[in-house]
Amino acid sequence: MVTPIVSDAEPSEIRRFLLSRGSSTLQDRGFGWLMLACALSIFGIVALIASELVLRSQLTISKFGLKFFFGHAWDPVSGNFGAFPFIYGTLMSSLVALCIAVPLSVGVAIFITEMCPKFLRGPLSFLTELLAAIPSVVYGLWAIFTLVPLLREHIDPVLIKLFGWTGLFAAPDFGLGTLAAGVILSIMILPIISSLTREVMTAVPHSQREAVLALGATRWEMIRMGVLRNARIGIVGSVILGLGRALGETMAVTMVIGNSPQIMKNLLAPAYSMASVIANEFSEASDDVYRSALIEIGLALFIVTILVNALARLLVWAVTRGAPPRAA
């Protein structure tokens, strides 16, 4: 039988400090419940927003049904409301923005990740991401005083001359319209697509690059086959996330899109977006049906934005899960 050894030595200072604190079980449980409440509050906020939008748009939902989203007329005086001109303007301006921003964003990401000198990589990345911090009203003011005159005097005449036969670019040209809104949106979503594309490309294992180069590929072939092919799902996810940002933009688009509820093929003609009509007309809504129609447009925009962002996050996660980041 072994007799336990009992030490008569005084406990150390650290031991006395830990004993003086007592049990922290109650504090740990309280902290855990507090963090859980913070996480659940996000779901609660989204649910409250959705429920309020549905509740406030019940008048037009019950009166027009699905025809509300396919109607072409927007006449608050007679109480006839159709949201299709605003849906069309939102989709067209966002499509123009993607056509401009995607090639530029991917090019910036490729240069920073694969070709940029190390001393320039940090400043260039910072300046690219700085574009996301500029307020949208500043973009709108810049567009009014700089972009719109530039388009009207120099770019639009060339587009009308070269591509007027398509019907996409036709006179009269006032500078304000879908094209101007698409250009300003492309600048605003460029940092989102570029930064996410860069992260996805960084997650591609370096061994992929070395294997392609070892087979005798050039640098461009290595980027095309070893990097872009492996990162294509994440790039698509970043593009969809940029689309979600473009769909919900309000102030900058309102200032340059022209704010005319028309459905026209001409990209130089004034148009309207869902966010713009809410911002412009909500304070002027004089009756409940008018207000309900605007809120239902907001509900549609809310649902579309959530679905687009969820799809983008899913695609980005599918390509980056478990991939360690590569050192810059």
Side-chain angles (χ1 to χ4, degrees), residues 39-58 60-62 64-71 81-102 105-106 132 136 178 181-182 185-186 188-197 199-200 231-254 257 263 271-279 282 292-321:
L40 293 178
S41 66
I42 303 300
F43 294 97
I45 292 172
V46 174
L48 286 174
I49 294 175
S51 61
E52 189 67 17
L53 290 175
V54 172
L55 180 64
R56 298 291 181 178
S57 58
Q58 280 297 318
T60 50
I61 291 176
S62 59
F64 300 105
L66 291 178
K67 293 189 297 182
F68 175 81
F69 300 103
F70 300 98
F81 298 99
F84 190 74
F86 314 115
I87 297 174
Y88 176 82
T90 301
L91 294 178
M92 289 300 296
S93 60
S94 300
L95 181 60
V96 172
L98 289 182
C99 291
I100 299 173
V102 171
S105 301
V106 175
S136 61
T178 305
L185 281 176
S186 68
M188 298 180 71
I189 67 176
L190 186 148
I192 299 174
I193 301 176
S194 178
S195 61
L196 287 174
T197 300
E199 291 296 325
V200 172
R232 60 185 182 276
I233 299 178
I235 295 175
V236 172
S238 67
V239 172
I240 297 177
L241 196 61
L243 174 62
R245 174 72 173 85
L247 291 173
E249 177 53 40
T250 304
M251 187 54 64
V253 175
T254 304
I257 199 171
I263 301 176
Y272 229 147
S273 69
M274 290 189 285
S276 298
V277 68
I278 297 173
F282 193 82
S292 176
L294 294 173
I295 295 175
E296 188 172 358
I297 293 177
L299 175 62
L301 184 60
F302 176 77
I303 295 174
V304 170
T305 304
I306 287 182
L307 292 178
V308 167
N309 281 271
L311 180 59
R313 294 293 183 183
L314 180 61
L315 290 173
V316 173
W317 173 83
V319 77
T320 59
R321 55 180 178 179

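Heads up: numbering here begins at 1 and tracks the sequence.
Remark: Ser195 engages Glu129, Arg198 in a side chain to side chain contact (heavy atoms under 4.5 Å, CB included) (not counting sequence neighbours). In terms of the side chain to side chain contact (heavy atoms under 4.5 Å, CB included) criterion, residue partners of Leu307 (sequence neighbours excluded) are, by chain and number, Ile303. The ring-ring contact (aromatic ring centres under 6.0 Å, His included) search around Phe84 returns His72, not counting sequence neighbours. The side chain to side chain contact (heavy atoms under 4.5 Å, CB included) search around Thr197 returns Ala109, Ile193, Met201, Ile235, Ser238, not counting sequence neighbours. Scored by the ring-ring contact (aromatic ring centres under 6.0 Å, His included) test, Phe86 finds Trp74, Tyr272 as partners (sequence neighbours excluded).
A distance of 11.0 Å separates CD1 of Ile100 from CG of Leu190, quoted to the nearest 0.5 Å. Separation of atoms CZ (Phe282) and CD1 (Ile295) is listed at 4.5 Å; rounding is to 0.5 Å. To the nearest 0.5 Å, atoms CE (Met274) and CD1 (Ile297) are separated by 8.0 Å. Here the straight-line distance linking atom CD1 of Ile192 with atom OG of Ser105 works out to 9.5 Å at 0.5 Å rounding. Remark: Leu185 CG to Thr90 OG1 distance equals 9.5 Å, nearest 0.5 Å. Of the inter-residue distances, the one linking Phe68 atom CZ with Ser57 atom OG reads 8.5 Å to the nearest 0.5 angstrom.
Closest of all the heavy-atom pairs between Ala132 and Pro191 is N-CG, 3.6 Å. The heavy-atom pair separating Pro85 from Ile263 by the smallest distance is CA-CG1, 3.8 Å. Here the closest heavy-atom approach between residue Gly182 and residue Val96 is recorded as CA-CG1, 3.8 Å.
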For residues 241-249, please give each side-chain donor-acceptor pair under 3.5 Å, one per line with the distance, not counting sequence neighbours.
residue, atom, partner, partner atom, Å
Arg245, NH1, Glu249, OE1, 2.6
Arg245, NH2, Glu249, OE1, 3.3
Glu249, OE2, Ser136, OG, 3.4
Glu249, OE2, Met251, N, 3.4
Glu249, OE2, Ala252, N, 3.4

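Results of the side chain to side chain contact (heavy atoms under 4.5 Å, CB included) test with Glu296 over Val54, Leu53, Ile61 single out Ile61 as the only residue that passes.
You'll find the side chain of Leu48 stays beyond 4.5 Å of the side chain of Phe43, heavy atoms only.
Counting only N and O atoms by type, the side chains of Thr60 and Ser292 include a donor and acceptor under 3.5 Å apart. A side-chain donor from one of Ser276 and Thr254 sits under 3.5 Å from a side-chain acceptor of the other.
Counting non-hydrogen atoms of other residues, nucleotides and ligands closer than 6.0 Å to CG of Leu55 gives a total above 12.
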Residues Leu98, Ile189; criterion side-chain contact (heavy atoms from CB on, under 4.5 Å); working and verdict: CA-CA 8 Å; Leu98 289 182; Ile189 67 176; 3.9 Å; yes
